[in-house]
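When a ligand or atom number is given, it counts from 1 through the structure's own listing order. Sequential numbering from 1 along the given sequence is applied to the chain's residues.
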Amino acid sequence: MKHYKLFIGGKWVDSDERFNVTDKYNGNPFVTIAQATKENVDTAVISARNSFNNNYLTPTTRYNILMNAAEIVIRDREILAEILSREVGKPISEARGEVSGVILNFKNMAEEAKRITGEMVPIDATSGFENRIGFTLRVPVGIVCAITPFNYPLSLSVSKVAPAIAAGNAVILKPTQQTPVNACKLVEVLLEAGLPPEHIQLVMGPGSTVGEMLLNNNDINFYSFTGSAEIGEHITNTIGIRRSTMELGSNAAVIVHKDADIEAAAKECTLKGFYNAGQVCVSIQRIVVHKDVFEKFVSISKKHAESLVLGNPMEENTTMGPMISKKEAERVAKWVDEAVSQGAKTVCGGKIHNEIFYLPTILTDVKKDMKVYNNEIFGPVIIINTYDDFDEAISYVNDSVYGLQAGVYTKDIHLAMTAARKIQCGGVIINDTSYFKARNMPYGGLKKSGFGKEGGKYAVEEMTDEKMIVLNV
Ligand SMILES: NC(=O)c1ccc[n+]([C@@H]2O[C@H](COP(=O)([O-])OP(=O)(O)OC[C@H]3O[C@@H](n4cnc5c(N)ncnc54)[C@H](O)[C@@H]3O)[C@@H](O)[C@H]2O)c1
Ligand SMILES: O=C[C@H](O)CS(=O)(=O)O
């Protein structure tokens, strides 16, 4: 069985402690991973600091490294996709999509490495400062710690590591225990791409131990976290006044107005809602459809839900794989059963399949006090409710502790802009679902969905400090 080591101090380092990574379809371990100790973590931080202090990378060097990484990922795309499919359980077709997004992200961040600018500040326009010149400089924060979740592990690691490198930082990456193999391959890619070996550190192990060690190391300057709201809140409470970006949970909503293309909206909401077995931060969870088109929408959605092919994620015709674990499938089943016992109606699905799958499920008549409405399901369940007045639909979307992204289907520009202004989310996607991300857009949530932005120049800016320079000349 393949064993992957930690990458610390510019070399692959083994550990007496190790853990298994399982193939999420057959449940068999297929890789072992070295688990970091406190000594490993402390050595990683010291090494990253040394590299940041002694290996200044020019913008052109950063550009070249990131473009090289994109080319290497293109060369190894099928290997990377197969690893993702096995360790996450996502269909190979979706895994290839994740790798394609990574290629775009590397190229996008390579360009951003050459665009880091400050600005002139007209302080001479202030009485008494006529002889002074002011401008800002953007400088790298130093050491960025990237902590990533299980569901899009390669994409979300690159969404942190690439801007960190583009901004001139050294990086410490801690992937989740459930899906860490892609992170090992990512380090191999970056080393081959020419990144100075000590500019990237890879520490692996449980968040409750290895993750905590990182939070409590005061020489880390910035934490880029993607994961649950619970852990995100813990991190922000632990790291003190140090900066971070928090990309957290969601129970995303979509409004479908009576003037929308119902066939298209129902297809997009359904197929994207079951993408990665619903284990997507911006997955469509709460759909609210105008009463005049509700029955038509539900009927079309049911058709698409029942068209999904559950099976071995490594097979080309599979369109939905297992959930990340049997335990998560059982959690989703419990929440759906509770909702149904309280009056929700099951349109399709509604049960576990072969222990690790949860059937694509559509619920209607869901009440606001049900877990499937209030909490982040993070599983293949869509709830469809109805509305009459558009403001009622907006209130439905905003009735959440989360605020990551929302979708709004309407042909009426006035309704679209009303939604854009009133919906309390980091992103409002008109005539598409909440599950939308362009690699150069500012992506991030409000409320319990977190703060800070990933994507393009916005991620790079987050990982720099802005300094004000004044010349008294
Ligand atoms: N907003 C986004 O862009 C986005 C994207 C993907 C997933 N997510 C969220 O991620 C969650 C699912 O992923 P998950 O189950 O892997 O999340 P999680 O919060 O359980 O774990 C995320 C990461 O945090 C680490 N961690 C856990 N405890 C820690 C601690 N005490 N200190 C430091 N690190 C710790 C884990 O090891 C893992 O690497 C969902 O809530 C989903 O909404 C959000
Ligand atoms: O879980 C949602 C991720 O943000 C999707 S992606 O990794 O950005 O493609």
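When only modelled atom types and interatomic distance are considered, Thr318 and Asn312 share no side-chain donor-acceptor pair under 3.5 Å. Using modelled atom types, one finds no donor on one side chain facing an acceptor on the other under 3.5 Å when comparing Ser47 with Asn50. Using modelled atom types and a 3.5 Å distance limit, the side chains of Glu376 and Ser250 yield no donor-acceptor pair. Under the 3.5 Å distance criterion, with hydrogens and angles disregarded, no donor-acceptor pair is assigned to the side chains of Arg286 and Tyr396. Looking only at atom types and distance, the side chain of His234 has a donor-acceptor partner in the side chain of Glu212 under 3.5 Å away. Side-chain contact, Arg77 with Ser100: a donor N or O sits under 3.5 Å from an acceptor N or O. Side-chain atoms of Ser15 and Lys5 form no donor-acceptor pair, as typed in the model, at a separation below 3.5 Å. Looking at Asn182 and Glu87, their side chains do bring a donor and an acceptor atom within 3.5 Å of each other.
At a 4.0 Å heavy-atom cut-off, ligand 1 touches Leu404 through the side chain alone. Contacts between Gln177 and ligand 1 below 4.0 angstrom, taking non-hydrogen atoms only, are absent altogether. Counting heavy atoms closer than 4.0 Å to ligand 1, residue Val280 contributes nothing at all. Under 4.0 Å from ligand 1, the heavy atoms of Ile147 that appear belong solely to its side chain. Under 4.0 Å from ligand 1, not a single heavy atom of Gln279 appears. When non-hydrogen atoms are compared, ligand 1 lies under 4.0 Å from the side chain of Leu156 (C-beta onward) but not from its backbone. Only the side chain of Phe225 comes within 4.0 Å of ligand 1, judged by heavy-atom distances. In Thr176, the parts holding a heavy atom less than 4.0 Å from any atom of ligand 1 are both the side chain and the backbone. Residue-level proximity to ligand 1 for Leu214 is absent, since no heavy atom of it falls below 4.0 angstrom.
Residue contacts with ligand 1: Tyr443 is placed with a nitrogen or oxygen under 3.5 Å of a nitrogen or oxygen of the ligand (distance criterion only). Ligand 1 has no N or O atom lying under 3.5 Å from any N or O atom of Gln178, backbone or side chain. Checking only distances, Ser449 never comes within under 3.5 Å of ligand 1, N or O to N or O.
Within a 6.0 Å sphere centred on CD of Glu230, heavy atoms belonging to other residues, nucleotides or ligands number 12 at most. By the neighbour-count criterion of 12 heavy atoms within 6.0 Å, atom CG of Asn237 is densely surrounded, having more than that number from other residues, nucleotides or ligands. Surrounding NZ of Lys327 are at most 12 heavy atoms belonging to other residues, nucleotides or ligands under 6.0 Å away. No more than 12 heavy atoms of other residues, nucleotides or ligands sit less than 6.0 Å from atom CD of Glu233. Within a 6.0 Å radius of NZ in Lys367, other residues, nucleotides and ligands contribute more than 12 heavy atoms. The 12-atom threshold is not exceeded at CD of Glu39, counting heavy atoms of other residues, nucleotides or ligands nearer than 6.0 Å. Residue-environment remark: NZ (Lys453) exceeds the threshold of 12 foreign heavy atoms within 6.0 Å.
Cation-pi geometry between Arg86 and Tyr25 is not met at under 6.0 angstrom from the ring centre and within 45 degrees of the axis. Seen from the ring of Tyr435, Lys437 does not count as a face-on cation partner, given the 6.0 Å and 45° thresholds.
The protein heavy atom nearest to atom 14 (P) of ligand 1 is Phe150 CD2, 3.7 Å. Regarding atom 27 (C) of ligand 1, its nearest protein heavy-atom neighbour is Gly207 CA, 3.6 Å. Of the protein's heavy atoms, Phe378 CE2, 3.7 Å lies nearest to atom 12 (C) of ligand 1. In terms of protein heavy atoms, atom 37 (O) of ligand 1 is closest to Lys174 NZ, 2.8 Å. For atom 13 (O) of ligand 1, the closest non-hydrogen atom of the protein is Pro149 CB, 3.2 Å. Annotation: atom 17 (O) of ligand 1 to nearest protein heavy atom, Ser228 N, 3.6 Å. With respect to atom 39 (O) of ligand 1, the closest heavy atom belonging to the protein is Thr148 O, 2.7 Å. The protein non-hydrogen atom at the shortest distance from atom 44 (C) of ligand 1 is Leu248 O, 3.2 Å.
Within the listing of ligand 1, atoms 32 (N), 33 (C), 34 (N) sit less than 4.0 angstrom from a heavy atom of Gly211. For ligand 1 and Asn151, the ligand atoms under 4.0 Å from any heavy atom of the residue are 6 (C), 7 (C). Within ligand 1, counting atoms from 1 as listed, the ones closer than 4.0 Å to a heavy atom of Glu247 are 1 (N), 2 (C), 3 (O), 4 (C), 44 (C). Applying the 4.0 Å criterion to heavy atoms of Glu212 picks out, from ligand 1, the atoms 30 (C), 31 (N), 32 (N). Listed by number with element, the atoms of ligand 1 under 4.0 Å from a non-hydrogen atom of His234 are 31 (N). Listed by number with element, the atoms of ligand 1 under 4.0 angstrom from any heavy atom of Pro175 are 39 (O). Close approach of ligand 1 to Thr226 is summarised as follows: ligand atoms under 4.0 Å from at least one heavy atom of the residue are 2 (C), 4 (C), 5 (C), 6 (C), 7 (C), 8 (N), 22 (C), 44 (C). The contact set between ligand 1 and Ile231, taken as ligand atoms under 4.0 Å from a residue heavy atom, comprises 19 (O), 26 (N), 27 (C), 28 (N), 29 (C), 35 (C).
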Tabulate distances under 3.5 Å between N/O atoms of ligand 2 and N/O atoms of the protein, writing both atom names on each line.
{"residue": "ligand 2", "atom": "1 (O)", "partner": "Asn151", "partner atom": "ND2", "Å": "2.9"}
{"residue": "ligand 2", "atom": "1 (O)", "partner": "Cys281", "partner atom": "N", "Å": "3.1"}
{"residue": "ligand 2", "atom": "4 (O)", "partner": "Lys437", "partner atom": "NZ", "Å": "2.9"}
{"residue": "ligand 2", "atom": "7 (O)", "partner": "Ser155", "partner atom": "OG", "Å": "2.7"}
{"residue": "ligand 2", "atom": "8 (O)", "partner": "Lys437", "partner atom": "NZ", "Å": "2.5"}
{"residue": "ligand 2", "atom": "9 (O)", "partner": "Arg439", "partner atom": "NH2", "Å": "3.2"}

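Closest to atom 9 (C) of ligand 1 by heavy atom, among Gly227, Cys281, Ala229, is Gly227.
The side-chain contact (heavy atoms from CB on, under 4.5 Å) test with Gln285 singles out one residue from Asn375, Val280, Ile377, Val254, and that residue is Ile377. Partner of Phe222 under the side-chain contact (heavy atoms from CB on, under 4.5 Å) criterion, out of Asn169, Val171, Ile239, Thr245: Thr245 alone.
For Phe378 and Phe150, the gap between ring centers is short of 6.0 Å.
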